[in-house]
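Note: hydrogens, waters and symmetry copies are ignored here, and every other heavy atom, side chains too, is used. Naming: A, B, ... by sequence-line order, numbering from 1 per chain. Bear in mind that the values here come from a model prediction, so they are computed numbers and not experimental data.
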Amino acid sequence: MKNRELSEIFDKMADILEFKGDNPFKINAYRKAARVLKDLTEDIEKLAREGKLKDLSGVGSGIAKKIEEYLETGRVSKYEEVKEGVSEGLIELLKIPDLGPKTLALLHKEMNIHNMTELEEALQSEKARALPGMGAKKAENILRGIRLLKESGGRIPLGVALPLVNQVIELMKTKGIVREIFPAGSLRRCRETIGDIDLLATGKDGTRIIEEFTHLPVVTEVLAAGKTKGSVITHGGTQVDLRVVPGESFGAALQYFTGSKAHNVRLREIAKSQGLKINEYGVFRGEERIGGSTEEEVYQILGLPWIPPELREDRGEIDAAMKGSLPSLVELSDIKGDLHVHSDWSDGSATLEELAQEAKKFRYEYLLIADHSIAVRIAGGLSPEELLRQIEKIKKLNTKLKGITLLAGTEVDILSDGSLDFPDEVLEKLDVVVAAVHSGFKQDIHTMTKRILGAIENPLVDIIAHPTGRLIGGREPYAVDLNEIFSRSAATGTALEINAYYERLDLSDLNCREAQKRGAKLVISTDAHQPNQLDWMRLGIAVARRGWLEKGDVLNTLPLERFLNSLKR
DNA sequence: GCCGTTTTCGGCCCGACTGTTTTCAGTCG
């Protein structure tokens with residue numbers, strides 16, 4: 001799909017036009033189109049063929065023409081035109097915190113900057129200080145921005161951010177000076193990666209709260225410390241911001257700082273059309289403050305129901321709220337069992353008994369043991385004989401276990417030629433069969449799609465694990481026609497996994513939503529290799545909620561009997 | 001460049017903070 005390529009072109013165009021000082025509204029239009037294309041699960045070529053490009057919000061005649069040109073010729077002449085004389089490296093510098101388009105343009109024009117090295121040298125020189133608007137402080141801040149960018153490299157996975165933020169919140173609570181403290185920002189929306197961590201607190205003494213915050217043991221550098229806002233760098237290079245707000249505007253502030261930006265812009269437009277104004281202090285009619293102590297109130301004044309944070313991405317949630325058709329999202333407490341767990345029979349650390357005991361803490365009814373098959377030798381894959389012995393062991397254990405049922409399963413490899421790593425007569429003996437790709441990631445889209453479809457069409461396969469193989473920040477999804485996978489899964493009754501392992505989150509939020517639209521059933525599983533990793537279920541739930549999934553879309557919300565009956569076999 | 005139960009032209013979200021300024025531009029979220 002060319003969706004991503006086009007999205008990147010429009011984003012790049014926005015960057016370059018910003019650098020050149022073009023009309024900010026035009027720049028915004030390109031940014032919006034880029035975002036819409038990035039979120040689009042339908043193939044842009046298909047929409048173009050059907051003449052539906054302009055049905056996309058943010059795509060008008062100008063951008064539609066550029067998309068068509070790209071699909072026909074592989075280039076966008078307007079893009080070639082604007083980037084003339086502007087090097088790639090130069091525009092990359094806009095990623096540096098505290099360095100925006102105006103300052104970059106100034107440094108480029110006056111000091112002939114083209115890349116990071118030249119920029120660093122220039123900022124340390126006397127000549128830079130003499131430029132209008134530039135001073136020692138500003139140069140220093142940009143240099144710090146460069147250091148931060150190099151160190152952190154940008155965003156961290158949600159699963160890494162959560163423990164850090166929990167630690168910070170616990171530490172702040174022990175000080176006894178905050179009344180409430182909550183995460184906001186992309187963390188509250190449960191995005192798969194987090195840039196900065198945003199926290200919001202209420203309490204009497206803002207200065208003291210910020211003072212305590214900037215002196216927490218996890219802090220390595222203090223960027224700002226005022227009466228209402230503190231900003232620090234923690235171990236590992238992640239920035240954490242804490243804002244202290246008055247209790248009466250806590251709801252408005254929470255709404256405002258949770259975002260997303262696109263969601264908030266839509267809300268403020270609606271407010272404006274009703275003669276109202278929203279900011280982080282409340283909702284206003286003229287000078288009069290008419291609400292904002294709770295988030296519910298902010299939405300309610302606009303005539304909307306409260307919208308769950310996971311949906312706030314301007315992906316149709318506001319229209320759904322207006323129509324009263326918001327989904328009733330699946331919740332962690334709906335989950336009745338985990339369907340992908342490794343034991344010490346393959347590469348897991350715990351025994352079957354230990355896993356069963358841990359699962360009881362989550363009040364699960366069942367737990368599916370899904371160790372690797374023999375092809376994945378590096379992970380201690382089981383031979384057919386070992387698997388048969390494991391099945392017997394599980395049967396025996398179940399006669400002793402109380403309050404939980406272990407299910408005998410496997411994570412059987414889908415081999416490069418599309419066949420499965422266990423013969424049918426072995427798979428038939430299992431309660432549930434999970435199948436997955438662990439090799440041959442570089443196959444072309446046709447081969448890979450056919451390979452996975454082979455498993456989906458196999459009557460013995462119940463679930464496809466981590467269907468795209470992507471690793472966040474590590475490995476791109478393999479080339480596969482997901483929409484075809486979703487449609488055939490729906491047709492055959494094969495469930496697709498949302499793998500909750502923090503680096504996978506595979507399917508992704510957008511994938512889930514498309515899979516559900518096409519009628520596929522999903523399961524949420526942790527792929528735990530240690531007992532405590534069963535807790536990753538919350539990450540899988542976050543993905544499912546961001547994918548607009550309801551309880552009925554997720555098979556492992558069903559009690560044991562009904563779950564087993566819902567499987568393909 | 002997009003968009004329209006105020007509009008096909010004239011709008012396009014809102015405010016804080018910082019650093020550089022004698023009233024504001026740039027950057028960020």
Look at [X] and [N] and indicate whether a side-chain polar atom (N or O) is within less than 4.0 Å of OP1 or OP2.
X	N	answer
A/Tyr281	B/dA16	yes
A/Ser273	B/dG4	no
A/Asn28	B/dC2	no
A/Asn279	B/dG15	yes
A/Lys277	B/dG15	yes
A/Thr103	B/dT27	yes
A/Lys272	B/dG11	no

**Request:** Could you tell me whether B/dT20 is syn or anti, where syn means a glycosidic angle within 90 degrees of zero?
**Result:**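 Nucleotide B/dT20 adopts anti.
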
**Prompt:** Do A/Tyr501 and A/His466 have their ring centres less than 6.0 Å from each other?
**Reply:**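 Ring centroids of A/Tyr501 and A/His466 are no less than 6.0 Å from each other.
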
**Request:** Answer yes when A/Arg188 and A/Glu295 have at least one side-chain N-carboxylate O distance shorter than 4.0 Å, and no when they do not.
**Result:**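 A salt bridge is present here (some side-chain N lies under 4.0 Å from a carboxylate O).
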
**Asked** Using a cut-off of 4.0 Å on non-hydrogen atoms, how would the nucleic acid contact of A/Lys261 be classed: base, sugar-phosphate, or nothing?
**Response**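 Touches a base.
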
**Prompt:** Reckon A/Lys65 touches a base, only the sugar-phosphate, or nothing at all at heavy-atom distances under 4.0 Å?
**Reply:**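 No contact.
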
**Under 3.5 Å on both distances, the Watson-Crick or G-U partner of B/dT8** =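 When the pairing criteria are applied, nothing turns out to pair with B/dT8, so the answer is none.
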
Closest to the [X] side chain: [options]?
X	options	value
A/Asp98	B/dC28, B/dG29, B/dT20	B/dC28
A/Thr228	B/dG19, B/dC17, B/dA16	B/dC17
A/Ala29	B/dC2, B/dC12, B/dG29	B/dC2

**Name of the residue among A/Arg545, A/Arg191, A/Arg546, A/Arg189 meeting side chain to side chain donor-acceptor pair (under 3.5 Å) with A/Glu310** =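 The option that passes is A/Arg545.
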
